[in-house]
Amino acid sequence: MAVTNRRAQLSDEVASYLRQAIMAGEMAPGSSVRADAVGEALEVSATPVREALQALRVEGFLELLPRRGFVVVPLVADDIRDLFEAHALIAGELTARAAVRANDSQTDTLLAIHRELMDAADRGDYEMLESKNHEFHKLVYRMSGSERLRWALGNFARYVPRAFYTQIPGWPETTAHDHSEVINAIVARDTKAAREAMAQHIRNSGEKLAEYFEGRQLASGE
């Protein structure tokens, strides 16, 4: 059982990496994705890689062609915008609920995370910035008290290319600014402002990614 669980975890990790690479434009539409090359690059055995490729085929990121194997399905910037719009709606609702339910201890912790995030942004420590960004969102959504909505959000959050976001121009500044709006609304217990601030933050992130994706496509001649 432990071996099976570990293989499933590895498969999820490989799928996540490839999904994010495709979303960030690191893997061009029509390019081949060879299981052996992926396994070697990520230092993962063949079985979880094959399982990850099949999973991405089901999700529509890859297709299996005769004599070519797995190839990347064409993706356009508006596909990214659509995914982030759905993400924004659920994230906004979770944040509105967090503004109602959060206790003082939770808001104090959120403020501390936000200060660390701002410090990381100021000194250009993008790895720490991304780590604190993840902590910030995780706590906000947990503060909502809604397990079902958090589960639903996870279906969209997995498309967020965390591993590549620090490469996107303007993302660190957008993150720092937007989080200030979110936390101000939560501290003020303003549900409407909290919903709008988080939803707009997600849309802003999606737009940054879509623009970055379009730029990479133009640069590669796609």
Side-chain angles (χ1 to χ4, degrees), residues 1-91 130 133-134 137-138 141 147-168 171 202-203 205-222:
M1 181 64 71
V3 173
T4 301
N5 290 341
R6 177 55 181 159
R7 192 182 75 192
Q9 181 182 352
L10 286 172
S11 176
D12 288 344
E13 291 172 359
V14 173
S16 177
Y17 179 85
L18 293 175
R19 188 187 297 115
Q20 293 185 42
I22 293 170
M23 289 284 290
E26 298 287 324
M27 301 175 71
S31 61
S32 296
V33 183
R34 291 174 31 243
D36 56 345
V38 172
E40 183 177 347
L42 300 181
E43 298 183 347
V44 177
S45 62
T47 299
V49 172
R50 286 196 295 267
E51 291 174 350
L53 296 179
Q54 289 292 351
L56 292 180
R57 181 189 181 192
V58 172
E59 292 179 22
F61 283 95
L62 300 176
E63 60 182 333
L64 186 58
L65 300 179
R67 296 182 297 278
R68 286 201 60 193
F70 289 98
V71 299
V72 178
V73 171
L75 181 73
V76 298
D78 280 345
D79 293 330
I80 295 173
R81 294 184 177 100
D82 286 345
L83 286 168
F84 275 78
E85 179 61 29
H87 186 164
L89 294 173
I90 301 175
E130 172 48 36
N133 176 59
H134 180 65
H137 282 266
K138 185 176 179 179
Y141 302 149
E147 292 296 326
R148 295 298 183 185
L149 278 180
R150 286 170 58 198
W151 174 84
L153 183 69
N155 290 322
F156 295 102
R158 63 182 177 173
Y159 297 112
V160 178
R162 291 181 57 200
F164 301 97
Y165 247 130
T166 55
Q167 303 174 23
I168 300 175
W171 177 79
I202 301 299
R203 292 187 186 105
S205 297
E207 187 58 33
K208 289 290 182 186
L209 177 59
E211 291 173 356
Y212 177 77
F213 183 87
E214 286 177 323
R216 289 190 64 88
Q217 283 192 318
L218 288 172
S220 64
E222 293 293 337

For this session: Over all heavy atoms of both residues, which pair between Leu18 and Met27 is shortest? Give the atoms and the distance, please.
Result: CD2-SD, 4.0 Å
Exercise. Shortest non-hydrogen contact from Leu153 to Ala91?
Worked result: CD1-N, 3.9 Å
For this session: Output every pair passing ring pair (Phe, Tyr, Trp, His ring centres under 6.0 Å) with a member in residues 20-75, not counting sequence neighbours, ordered by first then second residue.
Result: Phe61-Tyr159
For this session: Can you run down the ring pair (Phe, Tyr, Trp, His ring centres under 6.0 Å) pairs that involve residues 31-50, sequence neighbours left out, and say none if there aren't any?
Result: none
Problem set entry | Glu40, CD: over 12 other non-hydrogen atoms inside 6.0 angstrom |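 Not more than 12 within 6.0 Å, no.
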Identify, with sequence neighbours excluded, every residue that meets side-chain contact (heavy atoms from CB on, under 4.5 Å) alongside [X].
X     : answer
Ser45 : Pro48
Leu65 : Glu63, Arg68, Val71
Leu42 : Val14, Tyr17, Val38, Val44

Problem set entry | Leu62 and Ile22, any side-chain heavy atoms less than 4.5 Å apart | yes
Exercise. What's the verdict on side chain to side chain donor-acceptor pair (under 3.5 Å) for Gln20 and Ser16, showing C-alpha distance, side-chain angles and the deciding distance?
Worked result: CA-CA 6 Å; Gln20 293 185 42; Ser16 177; 3.0 Å; yes
For this session: Please name all residues satisfying ring-ring contact (aromatic ring centres under 6.0 Å, His included) with Tyr141, sequence neighbours left out, ordered by chain then number.
Result: His137
Exercise. Say you draw a straight line from CG of Leu209 to CD of Glu214; how long is it, rounded to the nearest 0.5 Å?
Worked result: 10.0 Å
Exercise. How many angstroms lie between atom CG of Leu53 and atom CZ of Arg34, to the nearest 0.5 angstrom?
Worked result: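 Here the interatomic distance stands at 11.5 Å.
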Validation: residues 73-85 side-chain donor-acceptor distances under 3.5 Å, sequence neighbours left out:
| residue | atom | partner | partner atom | Å |
| --- | --- | --- | --- | --- |
| Asp78 | OD1 | Arg81 | NH1 | 2.9 |
| Asp79 | OD2 | Val76 | N | 3.1 |
| Arg81 | NE | Glu207 | OE1 | 2.8 |
| Arg81 | NH2 | Glu207 | OE2 | 3.0 |
| Glu85 | OE1 | Arg203 | NE | 2.8 |
| Glu85 | OE2 | Arg203 | NE | 3.4 |
| Glu85 | OE2 | Arg203 | NH2 | 3.1 |

Problem set entry | Partner set under salt bridge (charged side-chain N to carboxylate O under 4.0 Å, His left out) for Glu147, not counting sequence neighbours | Arg150
